[in-house]
K.L.:
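Just passing along the structure, written as structure tokens.
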2 protein chains.
Amino acid sequence: MPRKTGSHGQITGPRIRQAALRLFARHGYAAVSMRQIAREVGVQAGALYTYTPDKQALLADLLRSHMAHLLETWAAEQRPDAPLDRLEHFTRFHIAYHLDRPDEVFLSYMELRNLTAENFAEIEGLRRAYEKELEAILHDGRAAGAFAIADTRLAAMALIAMLTGVSTWFREGGRLGRDEIADLYWQMVRGAAGCAAGLDAAAQGSEALPPGPPRPAAALLR
Amino acid sequence: MPRKTGSHGQITGPRIRQAALRLFARHGYAAVSMRQIAREVGVQAGALYTYTPDKQALLADLLRSHMAHLLETWAAEQRPDAPLDRLEHFTRFHIAYHLDRPDEVFLSYMELRNLTAENFAEIEGLRRAYEKELEAILHDGRAAGAFAIADTRLAAMALIAMLTGVSTWFREGGRLGRDEIADLYWQMVRGAAGCAAGLDAAAQGSEALPPGPPRPAAALLR
DNA sequence: TGTGCGCCTGAACGGGCGTTCAATTCAAGC
DNA sequence: GCTTGAATTGAACGCCCGTTCAGGCGCACA
């Protein structure tokens, strides 16, 4: 069983996945060819098939491992007990995780439709599991009287959509830093959850950034 | 100038746009061929080029007319004066408009990256204009002391992301009706804006759908 | 009834697609 | 230094792509 140390297999495999992730996220699954991916890796197109059975499996693997890693990372977090703290924890975790992985996030939201039915069902299941994590927080918090939420399922979908949206406009080095953004989103999430402390804290927030003088709203983000 | 009444030009043109919209939204711009569009219309591929200079212009036209129509429709709305009413009006308008046009919405969010730089700049400008409409509401409302919003630009992006997200999970005939959905989203928007009346109304909302007994959260939407 | 033209066909163009595979390279183990 | 087998090449397969264009059809007008 020769050829172990000098073997490129341990290197080329990840490089292919990395190149595919970048290109799929930038141009879309259907618009990227296997030859483009191979060129990015510095290899001929045929070599890709040592590492993936086909293009579809390459996409499915990327989405599956992104969702699995998200769930694992979330599961490994230390969780607070109080309803409000749990919600804040989820909010800040979600934003930080998504800001760190713009390509993965983009891919996971855009390319679900390019999965075969079987792969779609699997990835969709992982996404549901993540949504259920937030829904459980909302549900428990409501039962404890901490949140005023009429429908926890819809609220979970709405909040995740709001939070994930950050990665569509965030640019490194833009007007707002990561911590600032997390603070601002948390303020809105708290309010949307109808939590009792929301108003006071929001008032504090708008003191920190005074509401009176209309700051120039044009030269904004990106 | 013969051939007027029996001319198919008035029919085929719109049919091409309609077919392209449906197919682009379902499968993605890059994954749909001109031949597929033509087949859907019942015509040969070459005939498409009587109505569009190329595939890119077809996409750009669809996105441009969607955004333009959105802005026109919004401009034609009767607008209330009070900050809270303005925000509610925008919220319900946005949800109703987007629920009625799932394909257009999907396309406008997914295919921006497939536009040429020139087309992208134009469509992006229209989208900015729409975002500015919400931002103005938030800005004025904050100045009037009705909202507790630290950053109106971020808040506008966050709220639009949240509201637009409805079209990713809404299915006709699902668990929640349109009016119910609009009510629930409005409740969350009001809270996120930190508006003073938010808490009371949210409490009312969770009376209407009692928070106590954990309703089955599984057989949910779609 | 003939003419003009809007509309559409159907074939063709050059090129890129996903995938396969025999042949080659080359380092590790014997 | 020979064997072995993983890694990779490069050519080939059949197919579909976006786009062009000469030609023909059929209706409104003269």
Side-chain angles (χ1 to χ4, degrees), chain A residues 1-24 26-63 107 111 113-116 118-119, chain B residues 1-24 26-63 107 111 113-116 118-119:
Chain A
M1 208 180 292
R3 189 77 182 270
K4 270 182 189 157
T5 312
S7 178
H8 294 171
Q10 310 289 335
I11 298 172
T12 307
R15 290 232 295 154
I16 288 171
R17 290 169 50 91
Q18 179 186 323
L21 172 63
R22 226 182 60 90
L23 291 171
F24 286 165
R26 290 239 197 308
H27 310 291
Y29 172 76
V32 172
S33 72
M34 295 299 268
R35 278 171 244 260
Q36 283 174 57
I37 297 170
R39 199 182 312 138
E40 183 112 338
V41 176
V43 101
Q44 293 296 319
L48 302 186
Y49 291 84
T50 310
Y51 301 94
T52 183
D54 51 33
K55 195 186 177 189
Q56 166 73 203
L58 191 49
L59 174 64
D61 276 353
L62 289 172
L63 297 195
L107 205 62
E111 301 297 355
R113 65 177 166 189
N114 282 313
L115 292 171
T116 60
E118 201 173 329
N119 286 331
Chain B
M1 206 180 293
R3 189 78 184 267
K4 270 181 188 156
T5 311
S7 178
H8 296 172
Q10 310 288 335
I11 298 172
T12 308
R15 290 229 298 151
I16 288 171
R17 291 169 49 90
Q18 179 185 324
L21 171 64
R22 226 182 60 89
L23 290 171
F24 286 165
R26 290 241 197 306
H27 309 292
Y29 172 75
V32 172
S33 72
M34 295 299 268
R35 278 172 244 261
Q36 283 174 56
I37 298 171
R39 199 181 312 137
E40 183 112 340
V41 177
V43 102
Q44 292 296 318
L48 302 185
Y49 291 84
T50 310
Y51 301 94
T52 185
D54 51 32
K55 193 186 178 188
Q56 166 73 203
L58 192 49
L59 174 64
D61 276 353
L62 289 172
L63 296 195
L107 204 63
E111 301 297 355
R113 63 177 166 187
N114 282 314
L115 293 171
T116 61
E118 200 174 329
N119 286 330

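Reminder, nothing fancy here: chain letters follow the sequence lines and each chain counts from 1.
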K.L.:
Within the side chain of Arg15(A), is there an N or O that forms a donor-acceptor pair under 3.5 Å with the backbone of Val41(A)?
P.N.:
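Judged by distance alone, yes, a pair lies under 3.5 Å.
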K.L.:
A side-chain contact here means heavy atoms from C-beta on lying under 4.5 Å apart; do Glu40(A) and Ile37(A) qualify?
P.N.:
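Of all side-chain heavy-atom pairs linking Ile37(A) with Glu40(A), none is under 4.5 Å.
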K.L.:
On DNA chain C, check which nucleotide each of Ala47(A) and Val32(A) is closest to and give me the residue with the more 5' one.
P.N.:
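Between the two, 5'-proximity favours Val32(A).
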K.L.:
How long is the line joining CD1 of Ile37(A) and P of dT19(C), in whole Å?
P.N.:
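After rounding, the reported distance stands at 10 Å.
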K.L.:
Starting at atom CG of Asp54(A), determine the distance to atom P of dT19(C), rounded to an integer number of angstrom.
P.N.:
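It works out to 5 Å between those atoms.
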K.L.:
Classify Val41(B) by what it touches in the nucleic acid, base, sugar-phosphate, or nothing, heavy-atom distance under 4.0 Å.
P.N.:
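Nothing, no heavy atom under 4.0 Å.
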K.L.:
Let me know the distance between CD of Gln44(A) and P of dT24(C), rounded to the nearest Å.
P.N.:
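To the nearest whole Å, that distance equals 16 Å.
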K.L.:
Tell me the interatomic distance from Leu48(B), atom CG, to dC8(C), atom P, rounded to whole angstroms.
P.N.:
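That distance rounds to 10 Å.
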K.L.:
Select base, sugar-phosphate, or nothing to describe what Thr50(A) touches, counting heavy atoms under 4.0 Å on all strands.
P.N.:
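Base, at least one base atom sits under 4.0 Å.
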K.L.:
Looking only at side-chain atoms of Lys55(A), point me to the closest of dT9(C), dT19(C), dT9(D).
P.N.:
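Ranking dT9(C), dT19(C), dT9(D) by closest atom to the Lys55(A) side chain puts dT19(C) first.
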K.L.:
Rounded to whole Å, please give me the gap between CZ in Arg39(B) and C1' in dG10(C).
P.N.:
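To the nearest whole Å, that distance equals 15 Å.
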K.L.:
Measuring from Glu111(A):CD to Leu63(A):CG, what's the distance to the nearest 0.5 Å?
P.N.:
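Atom-to-atom, Glu111(A):CD and Leu63(A):CG are 8.0 Å apart.
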K.L.:
Counting distance alone, no hydrogens or angles: does the base of dG18(D) have a donor or acceptor under 3.5 Å from a partner atom on the side chain of Arg35(B)?
P.N.:
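Flag set: donor-acceptor pair detected.
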K.L.:
Checking contacts here: which listed nucleotide (dT8(D), dG18(C), dT19(D)) is nearest the side-chain heavy atoms of Tyr49(A)?
P.N.:
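The nucleotide sitting nearest to the side chain is dG18(C).
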K.L.:
Please tell me if Thr12(B) has a side-chain N or O lying less than 4.0 Å from either OP1 or OP2 of dC7(C).
P.N.:
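Indeed not, no polar side-chain atom of Thr12(B) lies that close.
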K.L.:
Using a 4.5 Å cut-off on heavy atoms from C-beta on, say whether the side chain of Ser33(A) contacts that of Gln36(A).
P.N.:
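With C-beta onward as the side chain, the pair touches.
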K.L.:
Between Gly46(A) and Ala31(A), which is nearer to the 5' end of DNA chain C once each is assigned its nearest nucleotide?
P.N.:
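Mapping each residue to its closest nucleotide by heavy atoms, the 5'-most match is Ala31(A).
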K.L.:
Rounded to the nearest angstrom, tell me the gap between atom CG in Leu58(B) and atom P in dT19(D).
P.N.:
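Rounding to the nearest Å, CG of Leu58(B) and P of dT19(D) are 10 Å apart.
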K.L.:
Round to the nearest Å and state the distance from Tyr51(A) atom OH to dT9(D) atom P.
P.N.:
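Answer to the nearest Å: 10 Å.
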K.L.:
Can you identify which nucleotide, out of dG18(D), dT19(C), dT9(D), has its nearest atom closest to the Met34(B) side chain?
P.N.:
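Closest nucleotide to the Met34(B) side chain: dG18(D).
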K.L.:
Using a heavy-atom cut-off of 4.0 Å across all strands, would you classify Gln36(A) as base, sugar-phosphate, or nothing?
P.N.:
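Answer is sugar-phosphate: Gln36(A) comes under 4.0 Å of backbone atoms only.
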K.L.:
The side chain of Ser33(B) is closest to which nucleotide in this list: dG18(D), dC8(C), dC17(C)?
P.N.:
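When the side chain of Ser33(B) is considered, dG18(D) is the closest of dG18(D), dC8(C), dC17(C).
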K.L.:
Taking the side chain from Thr50(B) and the backbone from Ala47(B), do they hold a donor-acceptor pair closer than 3.5 Å?
P.N.:
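Confirmed, Thr50(B) side chain pairs with Ala47(B) backbone.
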